[in-house]
Amino acid sequence: MDKKLIYDLNFRELAAQTAEWDEPSYRSEQLWEGLYTQLWDSPAAFSNLPKALRATLGDAFTFRHLTVNTRLQSSDGETTKVLFTLPDGNAIETVLMLYEQRRTLCISTQAGCALGCTFCATGQMGFRRNLTSGEIVEQVLFFARELAAADERVTNIVLMGMGEPFHNYEASLAAIDLLNAQPGFGMAARRFTISTVGLVPAIKRFTKENRQVGLAISLHATDDKLRASMLPINNRYPIAELIAACRDYVEATGRRITFEWALIQHVNDSAEQATQLADLLHGINCHVNVIPLNPTKGFDGEKSTRARVAGFRRVLTDRGISCTVRVRRGIDIDAGCGQLAERQAGQTAELPAL
Ligand code: SAH
Ligand code: SF4
């Protein structure tokens, strides 16, 4: 039988396991501390545990589920992208971006994605499977270990890699909870951002849970016809419903929400569309991230020119909407999520319910 991935267990579950092995309860604390503070990645590293327990741990669990398939670094050295292979052969991507003092990690929540957004490499690949919480956590631990070797740490985590986090809600939030635990990895909730294509029931659930975790919505268009042509999920949850859920989120949590907008030349980058966006977002405590489209094989749109990007942004800021242009970092290494794994993609799997 395949060994279980140890990062799939939260503290309570790990404590239950050590209790089942008749170990004193402080053993679970030692284990937790070793895994998430020391970042140890094998039973052998736990020199503070009895040899027999280390052997039991090694028999029951794996500590390394992800193997590095490809590792790329952008020419400016500031973006590192790793394509990992999972034991079942599926591939996922994780990207580390250095920006001033920030060490931002962009992690995947699914292998592939079922939502089929036309311009997205992951969407073009189709859905393969959900990641487990441990597989989400291990992406973070991998980079945390590397950074720790240089006396650095991950400062921000965005769930903006492959997959739709709200289509794998339980595992995505379980991973955040685990990494948030103190003592342990101790990453503050506000340092996480979940990006969603706009699954309204999940946004409502997330609102109710009132977490400190940030929320970003992939909007990309203000009229339903255009949005549905790019993001098929819009047929299910149209813009008015989505924006209503976003307003409720902002009101209920008192938090600012982010909207993402990939600028596609002559598709959604006109001054008129920027004006419509400003009207749509009027009165919502929000921030807009615009990003020139990262071209993908399966989509023939082009990225907006610098002048059009600047023009779009100006309309928003003139109307009092805060807006930043995200620089496409690591473009020379296909650091648009999904682009590397896409090359390895095969068949699409059966879909879980949306
Ligand atoms: N599924 C989630 C999170 C992963 S995608 C979501 O859709 O929000 C992360 C972000 O990258 C989203 O805003 C998505 O719209 C954007 N994106 C996907 N493909 C892109 C591309 N080719 N160029 C620019 N942005 C892209
Ligand atoms: Fe999935 Fe997000 Fe890509 Fe859409 S943009 S296909 S939701 S990963």
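Numbering of residues begins at 1 and proceeds along the displayed sequence. All ligand and atom numbering here is 1-based and tracks the order in the structure. Everything numeric here is computed off the predicted structure, so don't read it as measured data.
Near Ser218, with a cut-off below 4.0 Å to any heavy atom, the atoms of ligand 1 are 6 (C), 7 (O), 8 (O), 12 (C), 13 (O), 14 (C), 15 (O). Close approach of ligand 1 to Gly161 is summarised as follows: ligand atoms under 4.0 Å from at least one heavy atom of the residue are 4 (C). The distance from ligand 1 to the heavy atoms of Cys120 drops below 4.0 Å at these ligand atoms: 18 (C), 19 (N). Atoms of ligand 1 found under 4.0 Å from any heavy atom of Asn294, numbered from 1 in the order shown, are 21 (C), 22 (N), 23 (N), 24 (C).
Residue Gly123 places every heavy atom at 4.0 Å or more from ligand 1. Ala216 does not count as a contact of ligand 1, since none of its heavy atoms falls under 4.0 Å from the ligand.
The pair Arg54-Glu23 does not count as a salt bridge, with every side-chain nitrogen at least 4.0 angstrom from each carboxylate oxygen. One finds no salt bridge joining Glu13 and Lys4 here, because no Lys/Arg side-chain nitrogen approaches an Asp/Glu carboxylate oxygen to under 4.0 Å. With respect to the salt-bridge test (charged N to carboxylate O, under 4.0 angstrom), the residues Asp88 and Arg128 do not qualify. With salt bridges taken as basic N to acidic carboxylate O contacts below 4.0 Å, one links Asp41 and Arg64. The pair Arg308-Glu302 does not meet the salt-bridge criterion, since no charged nitrogen lies less than 4.0 angstrom from a carboxylate oxygen.
Pocket lining of ligand 2, defined as residues with a non-hydrogen atom under 4.0 Å away: Cys113, Leu115, Gly116, Cys117, Cys120, Gly123, Gly163, Glu164, Val197.
Applying the side-chain contact (heavy atoms from CB on, under 4.5 Å) criterion to Ala45, with sequence neighbours excluded, gives Trp40, Ser42. Asp59 is linked by a side-chain contact (heavy atoms from CB on, under 4.5 Å) to nothing, counting only residues two or more places apart in sequence or in another chain. Looking at residues two or more places apart in sequence or on another chain, you find no side-chain contact (heavy atoms from CB on, under 4.5 Å) involving Gln101.
Residue contacts with ligand 1 for His220 involve side-chain atoms from C-beta outward but no N, CA, C or O (heavy atoms, distance under 4.0 Å). Using a 4.0 Å cut-off between heavy atoms, Glu260 contacts ligand 1 through its side chain alone, with no backbone atom that close. Looking at Thr296 against ligand 1, only its side chain comes within 4.0 Å, counting heavy atoms. Contacts with ligand 1 closer than 4.0 Å are made by backbone heavy atoms (N, CA, C, O) of Thr196 only, the side chain lying farther away.
In summary, the side chains of Asn168 and Thr109 do not present any donor paired with an acceptor at a separation below 3.5 Å, with no hydrogens or angles considered. For Thr324 and Asn289, the side-chain atoms include at least one donor-acceptor pair closer than 3.5 Å.
Checked against the 6.0 Å centroid threshold, His220 and Phe119 count as a close aromatic pair.
Distances from atom 1 (N) of ligand 1 to the heavy atoms of Cys113, Gly163, Ser195 put Gly163 nearest.
Where the criterion is an N or O separation shorter than 3.5 Å, residue side chain and backbone included, Leu159 fails it with respect to ligand 1.
For Glu93 (side chain) and Cys106 (main-chain N/O), no donor-acceptor pair under 3.5 Å exists by modelled atom type.
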